[in-house]
Every structure is written in structure tokens, then in C-alpha cells.
Protein chains: 2
Amino acid sequence: MNQTIAVIGGDARYLELIRQLHGLGDVTTIIVGYDKLEQGFTGTKKMDFDDLEPEKLDVVILPITGTKKAGEVEAVFSDQKIYVRREWFERLPYGTVVFTGITNQYLDSMMANAKATLIPLLDRDDVAIYNSIPTAEGTIMMAIEHTDYTIHSSRIIVAGFGRVGNTVANKFSALGAKVSVAASSIKDLARITEMGLQAIPLNNLPDYTEQCDLLINTIPAPVITKEAIQQLPSHALIFDLASKPGGTDFDFAKQRGIKAILARSLPGVVAPKTAGKILADVIIQILNGRKEITP
Amino acid sequence: MNQTIAVIGGDARYLELIRQLHGLGDVTTIIVGYDKLEQGFTGTKKMDFDDLEPEKLDVVILPITGTKKAGEVEAVFSDQKIYVRREWFERLPYGTVVFTGITNQYLDSMMANAKATLIPLLDRDDVAIYNSIPTAEGTIMMAIEHTDYTIHSSRIIVAGFGRVGNTVANKFSALGAKVSVAASSIKDLARITEMGLQAIPLNNLPDYTEQCDLLINTIPAPVITKEAIQQLPSHALIFDLASKPGGTDFDFAKQRGIKAILARSLPGVVAPKTAGKILADVIIQILNGRKEITP
């Protein structure tokens, strides 16, 4: 059975995603918000948002960022404003899947009474782990660019041992840095030690920052405190990879003259093709799974 | 016994080198070609070249690049032209050591009848291996910047398994790339295999480039031939790390529309502080060794 997919908005990552949707086989792909893009895609129709008929859509793919507050959708390849509103979502039929990167209050409330199903891709462990690879590579690039010493032999503290922290610690260690990881759970502290890295109980972080060239935060909570920053050597750098507003006391870092950078959306910046493929692979896997279940 | 060291010219790496010379203990350091530099160094005198008395120097440190053809010395922190000529070299006393990064015909001929000893630092295995670390990190930075996919999972061929090739292959492999190394000697091909990488006999390189996203050359000879480039996929990149003019048929790469970059002096660009420390460590080690030998 032919499926109709509407991709509404998106950035450079979505070019690869759209290309990969062919992997699904029998699909019609409609792209909205790509009017400034000169390149074409075989088997794909460009369309204006107002010409879409939501009743006929099997799959809707929103941008990684979901929607803004008023339902505006980010579309970097278009100057047109696209708004997706409650009545539009409610016209989507039962069985339709709406993919977004992240969800928010607006999207959740729009979908509350809709018949379609919302799937926030970045909530999934697999997507988050795959995405942590380009995130770590982007962090490596920043570390090489912003310092006058090598990653090799430098003293790096990673705050957090979740899906991103684990990968970042691994990669910097593989490049010969002396890596410590600050975490809370005894399970994480044991795993960090097993990996041959120094385990730091998160509460004691300020006791360790005196011996640190690069402090990388991955925890979306205020963990890089005044006390932790106070002890850093003056040449140290802070990279904050946690989602906005990060977990660093940026005001205090500035006051101490320590450069602190809130890095945003590194996968889309350093590896849009890989990042698009990661999303496509998971979307294709989910849709193929559904096909098998619903006859 | 107090030693007098003259640092003549140099770039950002030499700031760390000058700082580290204190490690030698009882030294007087004179720096020439640093008049535009605002920062000062404790225990260091700025001087004009013409005010130097070569008869009183125990150590002379020339730039990494040595001299240009007419004896001109590169000094990025000065607008003055500095020329070091035969009569100046010949006034240096017996026992004086002249350090340079690389030597050339001019320097060799200047020193032919001089009493002092010339030591080209980059010829030394230890310096070349230490320097290969920032070179590899600079290559990683370029790979992340210039591609829209991750290093992880990408197919990389390194041509050459010398001091640089070995380190580069190691680091890219540590980041999860699929690394192959092209080399000539059976010893190298065996070691490459032992490391879990794919070994390619250098002569057969063109048979393997069809499956390559990034081709990194480290051999200072024309090994990245038309035949090797012909087979590369159109999205592939070439980084040439071999000293000028590199080992790539750049004209043919351009004709095929394949981006090929001759990377120059990556340690000085990405990690001047580490690169300066590498030089300082070796200079200090050599001079301390001499102190022990000559009473």
C-alpha cells in the first residue's frame, strides 16, 4: 500500500533524510518549506503548506526543533512562514504518525485530542546514542580549535555519564586525554572506573576542577556552579553541551574571565548527512515495524 | 656556568619555547625579532640582531623553517628583516650549538666551515613522533570541518606508515573510522594488520580508492597518482600532510572536482603551546646532556 509522507520544514539534516525515505519503497514524499532549494529529489513533490490535505497523510515529519510557541515550523530552505495549528493536527486520520525531534508544551497540547500519534525521536535511546557520536566529534573539533595545546595529555573533566557524557568521555580518552567523569549514581561511578577513567562524585566536583584544562558539561541542570568554576585554572575552557540554557553559571565564568561556550545542535552543524541518516534509519525502522503489525 | 642563548626569529610556538628555557636553570636568554610582542618574559632580554655578539653565544635557536635562501630568518613578531650570513655563523665559537627545525642547502653551506654544530630538530625521531600528535589532531579537525558526515564509520585510507602515518591511522581508528593504510615494506604491512587495520600494498592503492571517503597522504613522493584519484568517489576528500609540494597530483584532483588540501605546519596552527614545549623539552635534554659530558 502506497504511503504518503509530508516533510514540513527542516534544516540541512533533512536533505539526507528526504533522500533516504526512498528506502521505504512504496511511498509518495511531499516536501513543504523547501522552495529556496534548487536541488531536486526523485519521487518527491514540492508543495505549499496550504495545499496539503492532512486527511490523506500517513506520516508527517516535523523539524528536529518541533514547533515554536505559536505553532511556527522552522524551515531553513524557505522564506515563507509555516504555522501548524490545532485544527490541522485534528484533521490527521487515525494511524497517522507525526515525527518530531523534540516535543514541547504547544505540540503536546495540540496533539492531546488528535487521532494521530506523536513520536519525539530524540527521546529514544537509540537516536540519542547515535546522535552522541557527531556531538562528541563536534566537541573534539571545538577543543582543537579553541586551545593552543593538544587534546592528548590534557586534563578533561566530563560532567555527566548519560548517553552523551559516556560517548564524549570515550572519544577524548581514545585521543590520549586524561579524562575524569563526574556522576551521581554508584553504578555510573563504578562503570567510569572500569573504563580506566577517574570517577568523581558529582557533589565533589569543585575539589577536582583545579586540575582541569577543559570542563565539558552534559547535564541539563545547574551543576557547573560558582564553586566549581572558582577553582579552574585561568586558561581553562568550559563547553556546555546540555540543552538550552545549559548547566553552567555563565555569568560567573565571564566574571572570572573563563571562556564558556554553550554548544548547540552539533550533529546538525558538523555532520548533517550522518545526522539525517540517523533519523531516516529510525523512521524507516518504525514505519516498517508498523507495516508488519497493521495488515 | 651561565649559558647565553639567542633565539633569533620564530612564531607562536617559540613563545612557549622561550618560557620553557628557564627549565635550563642558569641561562641568559636573548630574543631577537620579538619587537612587536607586548608581553614580556622574566629573565629575557629583547635585542636587535646587529647588537648580538656571536662570540659570546653558547646556543643559537633559529626558526622551525631555518632560513630562506638569502639567509633571511622568519620572525612573525617583528617587521624588521633579519639576515644571518656566513661571516656571522663563522664567528660563533667552538662548542656553540645552533638549533633549527629543518635545514636546507643554504644553512648547510653556511655551516660547512663554521666551528659551531647545527642540530636540525625535526630530523630527530623523538621530535617527529611527538609532533605527529598535533599533526593528527589538526587532521581530525580538518576532517570534521570539511565533511558533512562523521569520522566514525567513514572509510579512510592513510598513505604511508612512518612517524606521522602511524599516529594518524591510530587516532582515526580510535574515533571509529574504518582505516586502511597503504605501505611498501612487508614489516609495515604486517604491523598494520596486527593493529587491526586493513593493509594495502602501496603499488595497489588505485585498486582500493573506490571505497574511500577520505584519503590522507603522509609520503613526500608522488604516490597519490592520477590512477588513485580516478577511482575515488566524487564526494571524497584528499588531505596531503607531506612536506611541500606534497605527494598528490593536485591538478588532476582539481580537474576531477575532488577537493585536495595541502596542510602545512599543523602543530604550529592547532597547538603552538604543545609544539613549543616539544621543542623546548628536546633542546633542554640535549643541552643538559652536553653539560654532563663537557665539564
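A note on names: the letters A, B, ... follow the listed sequences, proteins ahead of strands, and every chain is numbered from 1. Quantities reported herein were computed from a predicted structural model and do not represent experimental measurements. What you see below is based on every heavy atom in this structure, not just the backbone, and it leaves out hydrogens, waters and symmetry mates.
For the set A/N170, A/V269, A/I133, the count of heavy-atom pairs under 4.5 angstrom toward chain B peaks at A/I133. Among A/H146, A/E145, A/M141, A/M142, the residue with the largest count of heavy-atom pairs under 4.5 Å with chain B is A/M141. No other option in A/T274, A/D148, A/L175 has as many heavy-atom pairs under 4.5 Å with chain B as A/D148.
For CD of A/Q231, the number of neighbouring non-hydrogen atoms (other residues, nucleotides, ligands) closer than 6.0 Å is greater than 12. Environment of NZ in B/K46: crowded, with over 12 heavy atoms of neighbouring residues, nucleotides or ligands closer than 6.0 Å. The local environment of CD in B/Q20 is crowded, with over 12 non-hydrogen atoms from other residues, nucleotides or ligands closer than 6.0 Å. The number of heavy-atom neighbours closer than 6.0 Å to CZ of A/F239, taken from other residues, nucleotides and ligands shown, is above 12.
Annotation: salt bridge (Lys or Arg N to Asp or Glu O under 4.0 Å) contacts of B/K259 (sequence neighbours excluded): none.
Checking side-chain atoms of B/E137 against main-chain N and O of A/I151 turns up a donor-acceptor pair under 3.5 Å.
Interface remark: A/E16 contributes no atoms to any contact with chain B (heavy atom separation under 4.5 Å).
To the nearest 0.5 angstrom, A/S153 atom OG is 9.0 Å from B/K277 atom NZ.
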